[in-house]
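A quick write-up on the structure given underneath.
For the single chain, residues carry numbers from 1 onward in sequence order.
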Amino acid sequence: MRKQTFLIPTLSALLFSTAILPNKIYADEANMNSRADEQADSIQVSKSGQGEASQNASSETPETSSTSATSDEAGQTNNQQAKWILVNNQSEENTTPENQEKTSTETPQDSASKSNQDITILHTNDVHGRMVEDDKNGVIGDAKLASVVEASRQQGQTLVFDAGDSFQGLPISNSSQGEDMADVMNSIGYDAMTVGNHEFDFGLYQLKRLKEKLQFPILSSNIYVNGTRLFEPSTIIDKTSDQDGDEFVVIGVTTPETATKTHPDNIKGVTFANPITEVNNVIAQTEANAKAQGKTYHNYVILSHLGVDATTKTEWRGDSLAQALAQNELLKDKNVIVIDGHSHTVLELKDGNVTYNQTGSYLHNIGYITLNSDQILAAGDLSADQLQNVTPDPAVAGLLQ
């Protein structure tokens, strides 16, 4: 397999030496980032319908064991074979599928409303309280994460997202029931996050306190209490209000496995609806509202805490959600990005105009995606090794002290 190097323009300020030039991440190389104490599942991925490649997925927590997925379980959804291709397993000239190219049916109004500005998305998932840098265990830490975020912002428009399970994990975060982690995430300047199952570990009352403490939205479209959504299902991020075409519709969704993966007392009266159904319902409502207002949204980000574990029901998996979105006619010709968590997997996949991204766990990696209104330009991960020469942000370092 021929390895290709890709320099992220918006992060160029960080790349102080060739030692930390980010390489495109190949799915079969991602196993190198797995911790020795994490048990792996095998995911069979259909490569443009021509054969299959496998990707290891870590279990959700160190205590949770997993079984090996069969190709039927992982490669098919509702008896339809997945069209996944490995995002970074193609030659450079093939990274844009034919069905992602601009078509002749695009109207002049649509073209005029698009922004050609390159945008960077940085994302994390399943941090589990790993706020402090830990070289021995490959933990980047939030002070370095803050530096990466700030350098990217200096280079251009940057969005920062988290796919859940941030607040619970280590004594440094557990001792304040997640409130210190919330302070650090506020300082970094996250734009949105979704609710992971372990966000409930300190109880529903504390989760509501954390929601109020956060200075950015925490989203979930499928969590209900007495028939009412517990969280806002979505938000629209518009960094440049004087410019059309660069808005991002961000939707959250949470694994129904939360019902069995947190203490029952923490979720009394809480129900979890079908992830795919709820996300598609929010998309339909958003598109209807946009049509009524004469707007067009080109970018959708789904912050999902679903994962790709073989033991998870097919209809509850993040790759199943992504495949369903690739078949949603309302999303045709849009950038659709699924940022997932829960299974602690390092994985980037692509199906037409939909990309699936997960960075593993414990802040071993920072995910990145670069795009413009027409297409996703690149996706991958920055590892602790690649960022070893980055200077930690002093403000966040002070909070961690």
Closest approach of [X] to [Y] (non-hydrogen atoms, all atoms of both residues):
X    : Y    : value
S147 : P392 : OG-C, 3.4 Å
Q386 : D381 : OE1-O, 3.4 Å
F167 : G178 : CD2-O, 3.4 Å
Q243 : D238 : O-OD1, 4.2 Å
F216 : A192 : CD1-CA, 3.8 Å
A163 : H305 : O-ND1, 2.8 Å

Next item on the list: Going by the side-chain hydrogen bond (donor to acceptor under 3.5 Å, both in side chains) test, name the single residue among N197, T254, D165 that passes it with H342.
Entry: N197
Is there a side-chain contact between [X] and [Y], using heavy atoms and a 4.5 Å cut-off?
X    : Y    : answer
N125 : I339 : no
T370 : I119 : no
M193 : S166 : yes
T194 : E199 : no
V354 : I337 : no
R130 : N137 : no
K213 : R209 : no
D126 : Q358 : yes

Check: Mind checking whether H198 and H128 have parallel, tilted or perpendicular rings, split at 30° and 60°?
Finding: perpendicular
Nearest 0.5 angstrom please: [X] [atom1] to [Y] [atom2], how far?
X    : Y    : atom1 : atom2 : result
T355 : L349 : OG1   : CG    : 9.5 Å
W316 : N222 : CH2   : CG    : 10.0 Å
N335 : N299 : CG    : CG    : 5.0 Å
T311 : E257 : OG1   : CD    : 6.0 Å
L321 : I276 : CG    : CD1   : 5.5 Å
Q157 : F248 : CD    : CZ    : 6.5 Å

[X]: side chain to side chain contact (heavy atoms under 4.5 Å, CB included) partners, not counting sequence neighbours:
X    : answer
K332 : E329
N328 : N280, I283, L330, L331
S221 : R229, P233, I251, V253, E278, V279, V282

[X] side chain to [Y] backbone, donor-acceptor under 3.5 Å:
X    : Y    : result
T359 : G367 : no
S152 : V149 : no
N266 : F200 : yes
D191 : V160 : yes
N357 : V338 : yes
D385 : Q388 : no
S173 : P171 : no
D142 : L145 : no
N174 : G169 : yes

Next item on the list: Given side chain to side chain contact (heavy atoms under 4.5 Å, CB included), test L306 with D319 step by step and report yes or no.
Entry: CA-CA 9 Å; L306 299 176; D319 51 352; over 6 Å; no
Taking only residues two or more places apart in sequence or in another chain, which ones pass salt bridge (Lys or Arg N to Asp or Glu O under 4.0 Å) with [X]?
X    : value
D265 : K268
D180 : none
E287 : K334

Check: Is a side-chain donor-acceptor pair under 3.5 Å present for N289 with Q285?
Finding: yes
Item checked: Side-chain donor-acceptor pair present, T240, D246, cut-off under 3.5 Å -> yes
Notebook entry, point to check: Looking at R317 and D340, does any basic side-chain N land under 4.0 Å from a carboxylate oxygen?
Noted result: no
Margin query: Do the side chains of D134 and K136 get close enough for a salt bridge, i.e. N-O under 4.0 angstrom?
Written below: no
Next item on the list: For atom CD of Q401, decide whether the heavy atoms of other residues, nucleotides or ligands shown that lie under 6.0 angstrom number more than 12.
Entry: no
Next item on the list: Give the C-alpha distance, both sets of side-chain angles, the deciding distance and a yes or no for side chain to side chain contact (heavy atoms under 4.5 Å, CB included) between T235 and I237.
Entry: CA-CA 6 Å; T235 189; I237 297 177; 4.2 Å; yes
Margin query: Let's go through D162 and T124 carefully: what are the C-alpha distance in whole Å and the side-chain angles of both, what is the deciding distance for side-chain hydrogen bond (donor to acceptor under 3.5 Å, both in side chains) to 0.1 Å, and is it a yes or a no?
Written below: CA-CA 5 Å; D162 184 83; T124 56; 2.6 Å; yes
Note to self: Applying side chain to side chain contact (heavy atoms under 4.5 Å, CB included) to Y362 and V127, what does each step give before you reach the verdict?
What the structure shows: CA-CA 4 Å; Y362 307 150; V127 172; over 6 Å; no
Note to self: Using the rule given for side chain to side chain contact (heavy atoms under 4.5 Å, CB included), can you reason through D374 versus N372, listing the C-alpha separation, both sets of side-chain angles and the distance that settles it, and then say yes or no?
What the structure shows: CA-CA 5 Å; D374 290 326; N372 56 30; 3.5 Å; yes
Item checked: Pair E179-Q206, side-chain hydrogen bond (donor to acceptor under 3.5 Å, both in side chains): steps then yes or no -> CA-CA 9 Å; E179 294 190 20; Q206 180 62 14; 3.1 Å; yes
